[in-house]
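Contents: one structure, followed by commentary.
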Protein chains: 2
Amino acid sequence: MRASDEMTIGNLARRTGLAVSAIRYYEEQGLIHPERNSGGQRRFRRSDIRRLSFVKIAQQFGYTLPKIATLMATLPEGRTPTKRDWEKISRSFRRTLDEQIQTLEQMRDNLDGCIGCGCLSLKKCRLYNDQDRAARLGPGPRYMMGDRPGDLD
Amino acid sequence: MRASDEMTIGNLARRTGLAVSAIRYYEEQGLIHPERNSGGQRRFRRSDIRRLSFVKIAQQFGYTLPKIATLMATLPEGRTPTKRDWEKISRSFRRTLDEQIQTLEQMRDNLDGCIGCGCLSLKKCRLYNDQDRAARLGPGPRYMMGDRPGDLD
DNA sequence: TCTTGACCTAAAGTTAGCTTGAGGAATTAC
DNA sequence: GTAATTCCTCAAGCTAACTTTAGGTCAAGA
């Protein structure tokens, strides 16, 4: 066995910090495609370390495994990804990250408005109204937080 | 039945945009404490609309139901929360929100560094190294992304 | 060779936050 | 009074991303 290029699952687990069971699960989900030796045991390439590390990072960005799988489909299995490969993906990361940050910042701004008003004057409150707007798609709430047309402020 | 202050579960569902089953579940989790009428059916107060709206908002901030329950434990069941009640909680919201934003911004900065370097030169890469640091608590990865001591850059 | 440790599959369990289904009782509308 | 709603409980199911368990097989070292 050319030890330089083949790894057992336990070895890969140690190198990536993942559990053996997680690696098997990732194979099941199509994220990696190890070969088998004559005895039926999985044998991994060194590039699988890279792939699994990529999975971990993408997960930190909030990607689901299916999404990660499609992202990785654009990456080469065997060779080191080129700068161009990586740039495409990292731009996608950057976009979702920016969106996430923007969402949180908007929530923060809304919240700040509410702190100022004590959030007892709810007809104007952004936090509730933003929610309201989303909910209106369904049979959702007409008047949030107990306020009704005639309610006092 | 004094309709002004008692609501059926279906009514509350319509007013909050929640599913009936979700409201029952929230009761089970101790987020609301409706009374029962003679026939054993739940009867809710108008203030429960407020409580459930609060639950929805806190969920948007990423709080789990148990955490929301403890947050709400500081709120009065019957009366309208005071400005002071609200300020305490909104400060807590603000803190977690700030932390979340900071985490994402750090990830973005790391990512930007990686875009610049093409992320092929991985010994310096923040994205991987931050992950590495976290993983080192366990038996984690020694060399991430396939890099080994002797590997070329 | 024998033993130990690593590996295999398949199925079931885990957590959060609910939804769905079964079987039945209470309420409301006419 | 009766039919249509709405409500009730309890148990099971759902999704994601894994882990755990059970019952074996394979590989490596002395």
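Protein chains get the first letters and strands the later ones, always in sequence-line order, with residue 1 at the start of each.
Going from atom CD of B/Glu28 over to atom C1' of C/dC18 covers 10 Å, rounded to whole Å. Atom pair A/Leu18:CG and D/dA17:C1' shows a separation of 12 Å (rounding to whole Å applied). Distance, B/Asn11 CG to C/dT28 P: 11 Å, rounded to whole Å. Whole-Å rounding puts the B/Met7 CE to C/dT27 C1' distance at 18 Å. When the C1' atom of D/dA28 is taken as reference, atom CD of A/Glu6 falls 17 Å away, rounded to whole Å. A/Glu27 places its CD atom 13 Å from the C1' atom of C/dC7, with the value rounded to the nearest Å. Summarising the geometry, the separation between CZ on B/Arg43 and P on D/dT6 is reported as 13 Å, rounded to the nearest angstrom.
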Atom pairs, N/O to N/O, protein against nucleotides 19-22 of chain D, distance under 3.5 Å?
from, atom 1, to, atom 2, distance (Å)
D/dT19, OP2, A/Ser21, OG, 2.4
D/dT19, OP2, A/Ala22, N, 3.0

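A/Arg24 comes within contact range of at least one nucleobase, with a heavy-atom separation under 4.0 Å. Within 4.0 Å of A/Arg36, counting heavy atoms only, lie sugar-phosphate atoms of the nucleic acid but no base atom. Among the heavy atoms of the strands, none lies under 4.0 Å from B/Gln29.
Comparing B/Gly40 and A/Ser38 by the nucleotide of DNA chain D that holds the closest heavy atom to each, the one mapping nearer the 5' end is B/Gly40.
Close to D/dA27, at under 4.0 Å from its OP1 or OP2, lies a side-chain N or O of A/Asn37. In this structure, B/Thr64 does not reach the C/dG17 phosphate: none of its side-chain N or O atoms is under 4.0 Å from OP1 or OP2. Note on B/Arg42: a side-chain N or O is less than 4.0 Å away from OP1 or OP2 of D/dT9.
Candidate nucleotides D/dA17, C/dC18, C/dC7 were compared by shortest atom distance to the side chain of A/Gln41, and C/dC7 ranks first. For A/Ile9, whose side chain is taken as the heavy atoms from C-beta onward, the closest listed nucleotide among C/dC7, D/dC7, C/dG17 is C/dC7. Of the candidates C/dC8, C/dT27, C/dC18, C/dC18 carries the atom nearest the B/Gln59 side chain, counting heavy atoms from C-beta on.
Remark: B/Arg42 does not engage B/Glu28 in a salt bridge, criterion side-chain N to carboxylate O under 4.0 Å.
Looking at A/Thr74, its side chain never comes within 3.5 Å of a backbone N or O of A/Thr70 through a donor-acceptor pair. Under a 3.5 Å cut-off, the side chain of A/Asp98 and the backbone N or O of A/Arg95 do not form any donor-acceptor pair.
Applying the side-chain contact (heavy atoms from CB on, under 4.5 Å) test between A/Tyr26 and each of A/Ile68, A/Asp48, A/Val55 identifies A/Val55 as the sole match.
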Are B/Leu97 and A/Glu105 close enough, and set up right, to give a side chain to side chain contact (heavy atoms under 4.5 Å, CB included), and what steps lead you there? CA-CA 8 Å; B/Leu97 211 41; A/Glu105 279 174 350; over 6 Å; no

Side chain to side chain contact (heavy atoms under 4.5 Å, CB included) between B/Leu31 and B/Leu52, worked out: CA-CA 8 Å; B/Leu31 298 175; B/Leu52 290 185; 5.5 Å; no

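A/Gln102 CD: 12 or fewer foreign heavy atoms inside a 6.0 Å radius.
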